Amino acid sequence: ELELPYTIVRVAPLVDKPTQSNEKVIVTAEGQQLPDKHIDDTSLASVLNLIVENGAYRNQSIGVTLKTDQTDGGPK
């Protein structure tokens with residue numbers, strides 16, 4: 001049996017607007033629903049860089065999206 005390292009990445013819809021100061025990237029585990037949100041390409045690239053360069057989330061399925069930080073003046 002041969003098992004190669006993998007990471008499956010589920011992504012919220014991509015948008016062109018940059019991440020706002022009250023938004024942060026969140027990574028969800030396999031089986032968890034992605035919030036009805038979005039992500040920009042720069043934020044997604046930062047997570048993909050972790051996966052490729054550091055082996056983060058090896059042999060896992062993850063979801064990547066943004067979350068509004070309620071403590072930073074975001075919508076309540």
Side-chain angles (χ1 to χ4, degrees):
E1 182 176 316
L2 174 65
E3 184 174 320
L4 299 173
Y6 69 90
T7 303
I8 298 171
V9 181
R10 297 173 293 121
V11 180
L14 286 171
V15 295
D16 289 333
K17 67 177 190 158
T19 302
Q20 303 297 312
S21 62
N22 65 332
E23 294 177 316
K24 63 179 182 177
V25 176
I26 59 169
V27 176
T28 59
E30 182 173 4
Q32 290 183 331
Q33 185 174 356
L34 285 175
D36 291 333
K37 204 64 175 142
H38 59 271
I39 192 163
D40 65 291
D41 56 353
T42 303
S43 298
L44 177 59
S46 68
V47 174
L48 294 176
N49 186 55
L50 278 174
I51 292 168
V52 173
E53 295 291 326
N54 302 329
Y57 309 110
R58 178 170 285 169
N59 298 335
Q60 297 179 46
S61 173
I62 61 171
V64 181
T65 189
L66 294 177
K67 179 180 179 184
T68 301
D69 184 359
Q70 300 295 331
T71 62
D72 195 22
K76 305 250 185 258

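Side-chain atoms are counted along with the backbone in the values below, which use heavy atoms only and exclude waters and symmetry mates. The shown structure was predicted, so the numbers you read here are calculated from the model rather than taken from an experiment.
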Trainee: How long is the span from the CD atom in Q60 to the CD atom in E30, to the nearest 0.5 Å?
Mentor: 8.5 Å

Trainee: Just grab all the side-chain hydrogen bond (donor to acceptor under 3.5 Å, both in side chains) pairs involving residues 43-53, residues at least two apart or on different chains.
Mentor: T19-S43, D40-S43

Trainee: Please check this pair: side chain of T7 against backbone of Y57, looking for a donor-acceptor N/O pair closer than 3.5 Å.
Mentor: yes

Trainee: For N54, I'd like to know if atom CG has over 12 heavy atoms of other residues, nucleotides or ligands within 6.0 Å.
Mentor: yes

Trainee: Taking it one step at a time, do N59 and E3 satisfy side chain to side chain contact (heavy atoms under 4.5 Å, CB included)?
Mentor: CA-CA 10 Å; N59 298 335; E3 184 174 320; 4.0 Å; yes

Trainee: Same cluster or not: I26 versus L50, using hydrophobic residues (I, L, V, M, F, W, Y) connected whenever any side-chain heavy atoms lie under 4.5 Å apart?
Mentor: no

Trainee: Check the pair R10, T28 against side chain to side chain contact (heavy atoms under 4.5 Å, CB included), reporting the backbone distance first and the verdict last.
Mentor: CA-CA 9 Å; R10 297 173 293 121; T28 59; 3.6 Å; yes

Trainee: Applying the 4.5 Å side-chain criterion to the ILVMFWY set and letting contacts propagate, would L66 and V15 be lumped into a single cluster?
Mentor: no

Trainee: Quick check on the hydrophobic clustering: are V25 and L44 connected, directly or via other members, by side-chain heavy-atom contacts under 4.5 Å?
Mentor: yes

Trainee: What verdict does the side chain to side chain contact (heavy atoms under 4.5 Å, CB included) test give for L48 and I51, after you've listed the backbone C-alpha separation in whole Å, the side-chain angles of each residue and the deciding distance to 0.1 Å?
Mentor: CA-CA 5 Å; L48 294 176; I51 292 168; 4.2 Å; yes

Trainee: Any chain of hydrophobic side-chain contacts (each under 4.5 Å) joining V9 to V47?
Mentor: yes

